Amino acid sequence: MSRFPFPRYPNGWFQVAYSDELAPSGVLPIHYFGKHMVLFRTEAGVATALDAYCPHLGAHLGYGGTVKGDCIKCPFHAWKYDTTGACVEVPYATHIPPKAKVKPWHLKEVNGLILLWNHGEGAPPQWDIDAIEEYGNAEWTPYERRRWKIKTHNQEMAENAVDSAHFHYVHGTVEQPKTVAEVKGHVLHVKSETKMRTPMGKVTGTVESISQGFGYALTRFTGIVETLLVASTTPIDDDYVDVRFSFTVKKLANGDVTSTVGAAFIREIDRQLGQDIPIWENKIYVAPPMVCDGDGPIGLFRRWSKQFYPASAE
Ligand code: FES
Ligand SMILES: [Fe+2]
């Protein structure tokens, strides 16, 4: 039985790779949403995701498949599939079986990430992910990346942002932050003011996060130094999620200070996540939760969450 009373794979955009992991003609096997898929980049540079298994005799296109033009060639008998998943060539046959097709996935490449659209009922993308001005900007550092595999659910991790009481008790922030949350369609906007203990003493800062569904969130921190965290959480299977944090720091006039302060800040977030993990991995989901007046906007968060599951999940 599932630990969670909602579907394992919410709808939305989810990171499946970084753009620079997939060179032109590159091929990567990926496994998310309990499914095996192949990610490849055409010679012209278009990133594509298809279901992994060749309908001919079942080879995994991600293991030994090769890119030819805008197609991927199966490693087993050289059938070729285009970016829509249609078989366009069987080199030793005169007729291509008309049903030879692999399922394509909606992909989007933005901000250095490759994102895949998942929808429980197969609907096309319902929102877009915008380019951010910090990415590829000379005034900001290149991404510093961190990655974890955690035994939890996207919704549980996302709830952390509105759980203002835990920041003090789990993470040791000096005070409980004041949290204001607002919902607009698929976007959850949370703003907090926080005091953190840092190597430079107590620092007051703001934390502003914009979650677009459960897969992708931008968190901007001010205080020590301006930092942007692009946080992505992608369900792998019934138990685990793949978490990638990409940090970029606004450069200060002194490059050494940028890297020292940036590194200290990233260590702090790293430390905080390390504190959350054992809680997430072992907790249960309480519905309805027994909240008190000092808690953050957990009810608002849970109402917002429902839209990412099929209506039939109610
Ligand atoms: S299994 Fe792919 S071409 Fe035969
Ligand atoms: Fe936390």
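These figures come from a predicted structure and were not determined experimentally. Atoms within each ligand, like the ligands themselves, are counted from 1 in listed order.
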*Asks:* Under 2.8 Å from the Fe ion (ligand 2) - does any N, O or S atom of Asn160 fall there?
*Replies:*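 It does; at least one qualifying atom falls short of 2.8 Å.
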
*Asks:* Under a plain distance cut-off of 3.5 Å, with no hydrogens placed, do Tyr285 and Gln155 share a side-chain donor-acceptor pair?
*Replies:*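 Judged by distance alone, the side chains do pair up.
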
*Asks:* Report yes or no: is the cationic atom of Arg147 (NZ for Lys, CZ for Arg) under 6.0 Å from the centre of the six-membered ring of Phe245, at an angle within 45° of the ring normal?
*Replies:*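 No cation-pi geometry.
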
*Asks:* Please table the atom pairs, donor to acceptor, closer than 3.5 Å between any side-chain atom in residues 91-106 and protein atoms at least two apart or in another chain.
*Replies:*
unit_1: Tyr92; atom_1: OH; unit_2: Trp79; atom_2: NE1; d: 3.0
unit_1: Lys101; atom_1: NZ; unit_2: Thr84; atom_2: O; d: 2.7
unit_1: Trp105; atom_1: NE1; unit_2: Asp51; atom_2: OD1; d: 2.9

*Asks:* What's within reach of atom 2 (Fe) of ligand 1, meaning protein N/O/S atoms under 2.8 Å?
*Replies:*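 Short answer, with waters excluded from the count: Cys54 SG, Cys74 SG.
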
*Asks:* Any chain of hydrophobic side-chain contacts (each under 4.5 Å) joining Leu228 to Leu188?
*Replies:*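 As far as the 4.5 Å side-chain criterion goes, Leu188 and Leu228 are connected within one cluster.
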
*Asks:* For ring-ring contact (aromatic ring centres under 6.0 Å, His included), just list the numbers for Trp280 and Trp148, CA-CA rounded to whole Å, side-chain angles, deciding distance to a tenth of an Å, and then say yes or no.
*Replies:* CA-CA 13 Å; Trp280 290 330; Trp148 300 262; 9.5 Å; no

*Asks:* For the salt bridge (Lys or Arg N to Asp or Glu O under 4.0 Å) test, which of Lys80, Lys68, Lys73 pairs with Glu89?
*Replies:*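 In the set Lys80, Lys68, Lys73, the residue that makes a salt bridge (Lys or Arg N to Asp or Glu O under 4.0 Å) with Glu89 is Lys80.
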
*Asks:* Between Asn11 and Tyr309, does any side-chain donor sit less than 3.5 Å from a side-chain acceptor?
*Replies:*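 No, no side-chain donor-acceptor pair sits under 3.5 Å.
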
*Asks:* Can you check the angle at the Fe ion (ligand 2) formed by NE2 of His171 and OD1 of Asp276? Round it to the nearest 10°.
*Replies:*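 Between NE2 of His171 and OD1 of Asp276, the angle at the Fe ion (ligand 2) is about 90°.
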
*Asks:* Is Asp163 close enough that one of its N/O/S atoms sits under 2.8 Å from the Fe ion (ligand 2)?
*Replies:*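 No, since none of the N, O or S atoms of Asp163 sits under 2.8 Å from the Fe ion (ligand 2).
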
*Asks:* Do His189 and Glu208 have side-chain N/O donor and acceptor atoms under 3.5 Å apart?
*Replies:*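 Present: a donor and an acceptor within the cut-off.
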
*Asks:* Of all the N, O or S atoms in His166, which one sits nearest to the Fe ion (ligand 2)?
*Replies:*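 Relative to the Fe ion (ligand 2), the closest nitrogen, oxygen or sulfur of His166 carries the name NE2.
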
